[in-house]
Amino acid sequence: MWRFVELDMELDHCYDEYYNWNLINLMHNSALLNTLYKGFIRAIRPPPPRHFHFLYKENLTYLSLPQQAKARDHRRIAQKQSLVMFHDLSPGSAFWLPHGTRIYNKLISFIKEHYWKRGYDEIITPNVFNLDLWHQSGHALHYQDAMFSFDVEGAQWAMKPMNCPGHCLVFGNSIRSHRDLPLRLADFGVLHRNELSGALTGLTRVRRFVQDDAHIYCREDQIEEEVLGALDFMKEVYTTFGMTYKLELSTRPTKALGEQELWDRAEAALANAMNEFAGKGNWRENPGDGAFYGPKIDIKVMDAMERVHQCATIQLDFQLPIRFDLKYNTGSKEKGKQFERPVMVHRAMLGSVERMFAVLCEHWGGKWPFWISPRQIMIVPVHAEFNDYCQAFREKLHDAGFYAEVDVSKATFQKKVRNAQVDQYNFQLVVGKNEVENGTINIRTRENKVEGETKLDDFVAMCQKLRDEKK
């Protein structure tokens, strides 16, 4: 009996796109569903319709709510809320409008807060490199068609599609000691990949994007500890987003590079880390599904509609340190053991910031939590005579770091409140004669729940608490 249908594309952190689509996520398209149904009927003879209906009911329950799936489409929400736009003169590259940029910057700031707590060093690397770099890293051989390359004074150059080779140049620029490790280098560099125009889809498949990319250079005996740290990082991120996740360990493929013994030790370190983090039996193994350069942990997260997304990833790499001849001083005086190669850990929590924006947009249905919302507070004066009071409080909220506006239009009071709710302002603050006399505001939520009168300072303190607690 069919219980789960999945179309799983190979996804490697630095060697392939961050686009791993579960077939379930696509089947809200009725035309596609019809095509798949016909293929299913041809595949089984005679066709038992009840089997298909059982599969549909058991695993594709959200398909019974096509309007909800359509309403949550990030392209629709981004347009309605004026978050992002695209233009034919730069297909596959988003124009981030002011309110969309607020969310984008909040996501990056959120990750940077973790970097500060977790001992990462942020670096900035070039966007354009001589193609020789990509020959050295091995990307040119398999990836050049997906790169934007051009001639510069008779030499071939390319815009970077990933950060890892540049980070290897940074590591190799200095003599490293074993005491320097682990070295955690993070980079929000702009990346470009030459996707076919027909494959471009909103923010989930683009040509210009940014990753919350980091590479950890560590000793072999530090692998388990660093992987545990990355898993804990991932847990905090997706717990904040209100998303659940599953872990899978992808092991040595048939065409792997490197010694079997090294692979065995690395896989054991990853398994130990996953056991300690999630407990035995709470993750599964994908034999032979690792990247050719090292084993990896695939992290599959589920959104509010129980769709599966693969955004975060943790991958070990034995090959780039070899290709770039990376070494560190072990401190040993024994001949032949003075230097060793570091292990390179590729890791990302959000993956592509653009794609995570789309995932969260659909996960929350455009109802952004207060801490990340681009429209947090709308102050609604009952009458124009209260505008000055409202503007003064708006300035106070702005100085405290919140997005607040005052509706001074000539619309009716009811229309102002309704507009703010439709525009997804988290709070509408109603101000009338009593509020001005009492030095208060009257709080309503976007769900039209009336919270009542609150002192101005108390409301600011409440907003600060919501922001600090990421709610």
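Counting only residues at least two apart or on different chains, no salt bridge (charged side-chain N to carboxylate O under 4.0 Å, His left out) pair has a member in residues 173-183. Sequence neighbours left out, the pairs with a member in residues 459-471 that pass side chain to side chain donor-acceptor pair (under 3.5 Å) are Glu113-Lys470, Lys465-Glu469, Glu469-Lys471.
A salt bridge links Glu226 with Arg184: the distance from a Lys NZ or Arg NE/NH1/NH2 to an Asp or Glu carboxylate oxygen falls below 4.0 Å. A salt bridge links Asp232 with Arg118; the closest basic N to acidic carboxylate O contact falls under 4.0 Å. In this structure, Glu362 pairs ionically with Arg307, as a charged nitrogen and a carboxylate oxygen lie closer than 4.0 Å. Of the charged side-chain nitrogens involved, none lies within less than 4.0 Å of a carboxylate oxygen, so that Arg444 and Glu451 do not count as a salt-bridged pair.
Aromatic pair Tyr403/Phe370: centroids not less than 6.0 angstrom apart.
When the ring pair (Phe, Tyr, Trp, His ring centres under 6.0 Å) test is applied to Tyr217, the partners found at least two apart in sequence or on another chain are Phe171. Under the rule for a side-chain hydrogen bond (donor to acceptor under 3.5 Å, both in side chains), the partners of Asp457 that lie at least two apart in sequence or sit in another chain are Lys396. In this structure Glu340 satisfies the side-chain hydrogen bond (donor to acceptor under 3.5 Å, both in side chains) test together with Tyr328, sequence neighbours excluded. Partners of Tyr245 according to the ring pair (Phe, Tyr, Trp, His ring centres under 6.0 Å) rule, which considers only residues two or more places apart in sequence or in another chain, do not exist here. For Thr125, the side-chain hydrogen bond (donor to acceptor under 3.5 Å, both in side chains) partners at least two apart in sequence or on another chain are Lys160, Asp187. Legend: residues meeting side-chain hydrogen bond (donor to acceptor under 3.5 Å, both in side chains) with Trp134, ordered by chain and number and at least two apart, are absent. Shown here are the ring pair (Phe, Tyr, Trp, His ring centres under 6.0 Å) partners of Tyr104, two or more places apart in sequence or in another chain: Trp96. Scored by the side-chain contact (heavy atoms from CB on, under 4.5 Å) test, Asn194 finds Phe148, Arg207 as partners (sequence neighbours excluded). Take His114 and apply the ring pair (Phe, Tyr, Trp, His ring centres under 6.0 Å) test, not counting sequence neighbours, and it matches Phe110, Phe233.
Arg75 CZ to Thr201 OG1: the interatomic distance, rounded to the nearest 0.5 Å, is 6.5 Å. Considering CG of Leu185 and SG of Cys164, their distance stands at 12.0 Å, rounded to 0.5 Å.
Nearest approach of Gln222 to Pro182, heavy atoms of both residues: NE2-CD, 3.4 Å.
Under a 3.5 Å cut-off, the side chain of Asp303 and the backbone N or O of Glu306 do form a donor-acceptor pair. Listed for the Glu195 side chain is no donor-acceptor partner under 3.5 Å among the backbone atoms of Gly92. Under a 3.5 Å cut-off, the side chain of Ser373 and the backbone N or O of Pro369 do not form any donor-acceptor pair. The closest donor-acceptor contact from the side chain of Gln136 to the backbone of Arg323 lies under 3.5 Å. The closest donor-acceptor contact from the side chain of Arg375 to the backbone of Tyr425 lies at 3.5 Å or more, if one exists at all. Gln319 places no side-chain N or O within donor-acceptor distance of the main-chain N or O of Asp317, the cut-off being under 3.5 Å. In terms of modelled atom types and a separation under 3.5 Å, the side chain of Arg72 and the main chain of His363 share a donor-acceptor contact.
The shortest distance between side-chain heavy atoms of Leu316 and Ile223 falls below 4.5 Å. Side-chain contact between Leu107 and Leu350 is present, with heavy atoms from C-beta onward closer than 4.5 Å.
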Please output the side-chain donor-acceptor pairs of residues 255-263 that fall under 3.5 Å, not counting sequence neighbours, one pair per line with the distance.
unit_1: Gln260; atom_1: OE1; unit_2: Arg252; atom_2: NE; d: 3.2
unit_1: Gln260; atom_1: NE2; unit_2: Asp264; atom_2: OD1; d: 2.7
unit_1: Glu261; atom_1: OE2; unit_2: Arg265; atom_2: NH1; d: 3.1
unit_1: Trp263; atom_1: NE1; unit_2: Leu257; atom_2: O; d: 2.8

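Between Phe357 and Trp368, the ring planes are tilted. Angles from 30° to 60° get that label.
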